[in-house]
Enquirer: 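One structure coming up, written as structure tokens, with questions to follow.
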Amino acid sequence: MSQDNDRPPTLDLGSAAAAAAAAANKTRNCSGGGGGSDDVGGCGTAENVLHNVLENVLHFLTSRQDRNAASLVCKSWYRVEALTRSDLFIGNCYAVSPRRVMSRFNRVRSVTIKGKPRFADFNMMPPDWGAHFSPWVASMAKSYPWLEKIYLKRMSVTDDDLALLAESFPAFKELVLFCCEGFGTSGVAVVASRCRQLRVLDLIESDVTDDEVDWISCFPEKETCLESLIFDCVECLINFEALEMLVSRSPSLKKLGVNRHVSIAQLYRLMIQAPHLTHLGTGSFSNSEAMVNGESEPDYGSAFAACKSLLCLSGFKDILPDYLPCIYPVCANLTTLNLSYANITAEQLKPVISHCHKLQTFWALDSISDEGLQAVASSCKELRELRVFPADAREDGEGPISEVGFQAISEGCRRLQYILYFCQRMTNAAVVAMSQNCQDLVVFRLCIMGRHQPDHKTGEPMDEGFGAIVINCKKLTRLAISGLLTDRAFSYIGKYGKLVRTLSVAFAGNSDLGLKYVLEGCHRLQKLEIRDSPFGDAALRSGLHHYYNMRFLWMSDCKLSRYGCQEVARALPHLVVEVMRNDNPESDYLPQMGDLENYVPVLYMYRSLEGPRDDAPACVDIL
């Protein structure tokens, strides 16, 4: 939700809310009297005052959680909160129906909808599972003609959906499709041509079909309103001349992310047209046309030097490391550097990272090795977020990073709040050091890729390391665990992880007791993802008291039976229990062949106000 720009600097929201509550009490007292018409008139005035005060107060509530809490105070607050909500967040597209949403909230201008759970990114769900945008856009077209913004994540979106969107919302300004599928360049072309006030068109990690449509040329021929254009996931060729002209007539453009078909020479031409960019996705960052034709190359460094406002740099697909010195002029101002597609070494990284003293977010491949992470720790004292991805995701590979780089980061980047770290080996001592040095951690995701890997120096389970994280990092809300873990680790999480909202478990645990500790101790748990772990029906039943408070539970390749899942479905009728079949299950916990029919490869449970959905494919059974 956007915050009102006219907010008084000294507004005491608590006092305003107290005044509104007092007005509510006065109204209730008034309505309890048995007076005549004068009394009724007074009560009506009190109702109006309450309504006006509430509207003014609720406009300043920008947090979804605060607004949800306000709507539960009483019926008046419930009604007024709905009237003043302009931004809508749907965390699960099947948790509520479009009809119910539209009937309650009728002044919405911005909608965010999430579809499939995260494990869909790892091909662990049927491709036709669902999460269709069609019913949502059809309903919004009728109820929200003034809609301006749509953000979709892991949704199935068709070209017809995009056409209806473009036709139905004349003031539409922002479209972000993150990890979406089902649409192509023809649908994007319709949005580009018909949404004349479009400011944001971001296609991020989405699967976009090549319909052989020149969608870049479909933007208005006059000056555009574009502020952000990101299409680095679009794998097809684009009309570069049209893109260059589009950038030249988009004076408000601040964010540009191009795909791998844009060479560094072409990037140079775009940067000359838009020196005011703050975010740049560079495309391929490899051999230029000029180099191929034997011509002299332009001074790429000068183009970067001219971009005085550049703060965030990404892309670098098919990178030729010889061109990395081109970005030196902007490194001192960067707050975000994403090299997660750049397969570079520590020696190639060091000259870049040594200039990045303001860096707060850094993504990279593990090809930079422990030595590269040590360079990051030495230079980036303001770092808040670090993500290190594997260049080779095989479980039995010899990864180039270990506890050495991990501990260097913990010692050098003590303001760290978010870490995602893929590695092949780790020690408890390094994880304990992280917990002691970086106590502001909100997100801790350690992914030890080899299954059931212990502390590689002592041979002990990784229990004490993860235990230290939940004990010392008191702001922690998201945790991902892996490696050799016993029930002891889960007991730590249940006892100390009181703020944890999202927990991801992979190849961990040794009995049902471990999951029982978590479900009984983590009272704020919203999202629980488990794969390839030895939890069965008893563990599943231990969470019956909490599932209605959670957004979802995912369990795949565990020890679940259909009978156990049916028990949960009967006990909690407002919970949707989906079982996904797998014709060729592969799991360490497969039962004997006689029990295969009762074995559940994948369980996905989520709360819903609507009950079971009606668009489930044949491979999904809803119990």
Side-chain angles (χ1 to χ4, degrees), residues 1 63-65 67-68 71 85 87-105 108 110-122 124-140 149-157 161 176-182 205-206 477-478 500-504 519 522 524-531 540 543 546-556 565 568-569 572-580 602-617 619-623:
M1 256 176 307
S63 162
R64 296 196 306 270
Q65 290 77 16
R67 278 193 160 269
N68 291 342
S71 70
R85 189 177 294 216
D87 290 18
L88 194 61
F89 175 87
I90 308 295
N92 177 353
C93 64
Y94 289 120
V96 64
S97 68
R99 174 193 54 79
R100 187 186 296 266
V101 170
M102 311 301 154
S103 65
R104 178 179 174 189
F105 303 103
V108 171
S110 173
V111 174
T112 296
I113 308 175
K114 293 186 177 183
K116 299 177 182 179
R118 190 179 64 92
F119 276 149
D121 297 346
F122 304 99
M124 297 177 68
M125 296 188 75
D128 59 346
W129 178 80
H132 302 292
F133 181 48
S134 299
W136 287 95
V137 70
S139 295
M140 291 189 294
K149 305 175 184 178
I150 292 178
Y151 176 101
L152 304 179
K153 187 172 184 179
R154 299 191 184 96
M155 295 285 288
S156 178
V157 182
D161 295 338
V176 179
L177 302 179
F178 186 90
C179 290
C180 293
E181 61 185 5
E205 297 183 30
S206 291
T477 62
R478 183 174 182 181
V500 172
R501 295 172 58 85
T502 302
L503 176 63
S504 302
L519 289 170
C522 298
R524 299 197 183 187
L525 193 63
Q526 289 282 302
K527 295 182 279 188
L528 179 55
E529 307 167 332
I530 304 172
R531 61 166 297 187
L540 183 65
H546 187 60
Y547 290 142
Y548 276 152
N549 297 323
M550 292 175 59
R551 189 185 298 176
F552 71 80
L553 166 67
W554 168 283
M555 294 180 71
S556 61
C565 296
V568 174
L572 302 173
H574 297 292
L575 200 69
V576 177
V577 181
E578 295 195 4
V579 171
M580 300 176 214
V602 179
L603 169 69
Y604 180 47
M605 298 195 315
Y606 53 90
R607 62 190 181 195
S608 175
L609 296 174
E610 309 301 333
R613 59 192 176 108
D614 58 7
D615 62 350
C619 59
V620 174
D621 292 334
I622 299 180
L623 305 183

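All figures in this text were calculated on a predicted structure; none of them were measured in a lab.
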Enquirer: By salt bridge (Lys or Arg N to Asp or Glu O under 4.0 Å), which residues pair with D615, not counting sequence neighbours?
Expert: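 Residues passing salt bridge (Lys or Arg N to Asp or Glu O under 4.0 Å) with D615: R613.
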Enquirer: Of all the heavy-atom pairs spanning E529 and S504, show the shortest one and how long it is.
Expert: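 E529 and S504 have their closest heavy atoms at OE1-OG, 2.5 Å.
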Enquirer: Is there side-chain contact between P117 and M125, with heavy atoms separated by less than 4.5 Å?
Expert: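 Yes; the side chains approach each other to less than 4.5 Å.
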Enquirer: Please enumerate all residues that pass salt bridge (Lys or Arg N to Asp or Glu O under 4.0 Å) together with R104, with sequence neighbours excluded.
Expert: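 In terms of salt bridge (Lys or Arg N to Asp or Glu O under 4.0 Å), with neighbours along the sequence ignored, R104 is linked to E81.
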Enquirer: Given side-chain contact (heavy atoms from CB on, under 4.5 Å), test D121 with E205 step by step and report yes or no.
Expert: CA-CA 10 Å; D121 297 346; E205 297 183 30; 5.9 Å; no
Enquirer: Is a side-chain N or O of S97 found less than 3.5 angstrom from the main chain of E610, in a donor-acceptor match?
Expert: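 Side chain of S97 to backbone of E610, a donor-acceptor pair under 3.5 Å: no, none is there.
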Enquirer: Looking at C180 and R154, what are the two nearest heavy atoms and their distance?
Expert: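 Residues C180 and R154, closest heavy atoms: SG-N, 4.0 Å.
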Enquirer: Parallel, tilted or perpendicular, judged at 30° and 60°: which one describes the rings of W129 and Y94?
Expert: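 W129 and Y94: perpendicular rings.
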Enquirer: Could you check whether any side-chain heavy atom of L528 comes within less than 4.5 Å of a side-chain heavy atom of L519, counting everything from C-beta outward?
Expert: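 Sidechains of L519 and L528: in contact.
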Enquirer: Any side-chain heavy atom of T502 sitting closer than 4.5 Å to one from T477?
Expert: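 No; the side chains remain at least 4.5 Å from each other.
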Enquirer: What pairs with V576 under side chain to side chain contact (heavy atoms under 4.5 Å, CB included), at least two apart in sequence or on another chain?
Expert: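 Expected list: E578, Y606, S608, I622.
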Enquirer: If you measure from CZ on R524 to CG on N549, what distance do you get to the nearest 0.5 Å?
Expert: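 CG of N549 is found 12.0 Å from CZ of R524.
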Enquirer: Working to the nearest 0.5 angstrom, can you tell me the gap between K153 NZ and K114 NZ?
Expert: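 So the NZ of K153 and the NZ of K114 are separated by 4.5 Å.
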Enquirer: For S71, check side-chain hydrogen bond (donor to acceptor under 3.5 Å, both in side chains) against everything at least two apart and list the hits.
Expert: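 S71: no side-chain hydrogen bond (donor to acceptor under 3.5 Å, both in side chains) contacts found.
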Enquirer: Minimum heavy-atom separation for C179 and S206, please, with both atom names.
Expert: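 So the minimum-distance heavy-atom pair works out to N-OG, 3.3 Å.
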Enquirer: Testing the basics here: between Y548 and L575, what is the closest heavy-atom pair and its distance to 0.1 Å?
Expert: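 Residues Y548 and L575, closest heavy atoms: CE2-N, 3.7 Å.
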Enquirer: Just to verify, what does F122 make a side chain to side chain contact (heavy atoms under 4.5 Å, CB included) with, not counting sequence neighbours?
Expert: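 For F122 the side chain to side chain contact (heavy atoms under 4.5 Å, CB included) partners, ignoring immediate neighbours, are R118, F119, M124.
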Enquirer: Of all heavy-atom pairs between A131 and G115, which one has the smallest distance, and what is that distance?
Expert: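 That closest heavy-atom pairing would be CB-CA, 3.8 Å.
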Enquirer: Check whether any side-chain heavy atom of I90 sits under 4.5 Å from a side-chain heavy atom of W136, and report yes or no.
Expert: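 In short, these two side chains touch, coming nearer than 4.5 Å.
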Enquirer: Kindly indicate whether the side chain of K527, heavy atoms from C-beta on, has any atom under 4.5 Å from the side chain of L503.
Expert: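 Answer no - side chains too far apart.
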Enquirer: How many angstroms lie between SG in C565 and CG in L603, if you round to the nearest 0.5 Å?
Expert: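 Between C565 SG and L603 CG, I get 4.5 Å after rounding to 0.5 Å.
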Enquirer: Starting at SG of C93, measure out to CZ of F133 and round the result to the nearest 0.5 Å.
Expert: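 Rounded to the nearest 0.5 Å, the SG-CZ separation comes to 11.0 Å.
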Enquirer: Short question: side chain of Y604, backbone of M580 - any donor-acceptor pair under 3.5 Å?
Expert: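 No, the answer is negative, given that no donor and acceptor are paired below the 3.5 Å cut-off.
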Enquirer: Please list, chain by chain and in numerical order, all residues satisfying side-chain hydrogen bond (donor to acceptor under 3.5 Å, both in side chains) with R99, sequence neighbours excluded.
Expert: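 Here no residue qualifies.
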Enquirer: Please determine whether a side-chain nitrogen of the Lys or Arg among R64 and D87 lies less than 4.0 Å from a carboxylate oxygen of the Asp or Glu.
Expert: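 Answer for the salt bridge query: no.
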Enquirer: If you compare all heavy atoms of L525 against all heavy atoms of M550, which two are closest, and at what distance to 0.1 Å?
Expert: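 In this case the closest contact between L525 and M550 is O-CG, 3.2 Å.
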Enquirer: Contact between L572 and M605 at the side-chain level, heavy atoms closer than 4.5 Å - yes or no?
Expert: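 With C-beta onward as the side chain, the pair stays apart.
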Enquirer: Could you check if a side-chain atom of L553 sits within less than 4.5 angstrom of a side-chain atom of L540, using non-hydrogen atoms only?
Expert: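 In short, these two side chains touch, coming nearer than 4.5 Å.
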Enquirer: Please examine the side chains of M102 and M140, heavy atoms only from C-beta on, and report whether any two atoms are closer than 4.5 Å.
Expert: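 A side-chain contact exists here, since the closest heavy-atom pair is under 4.5 Å.
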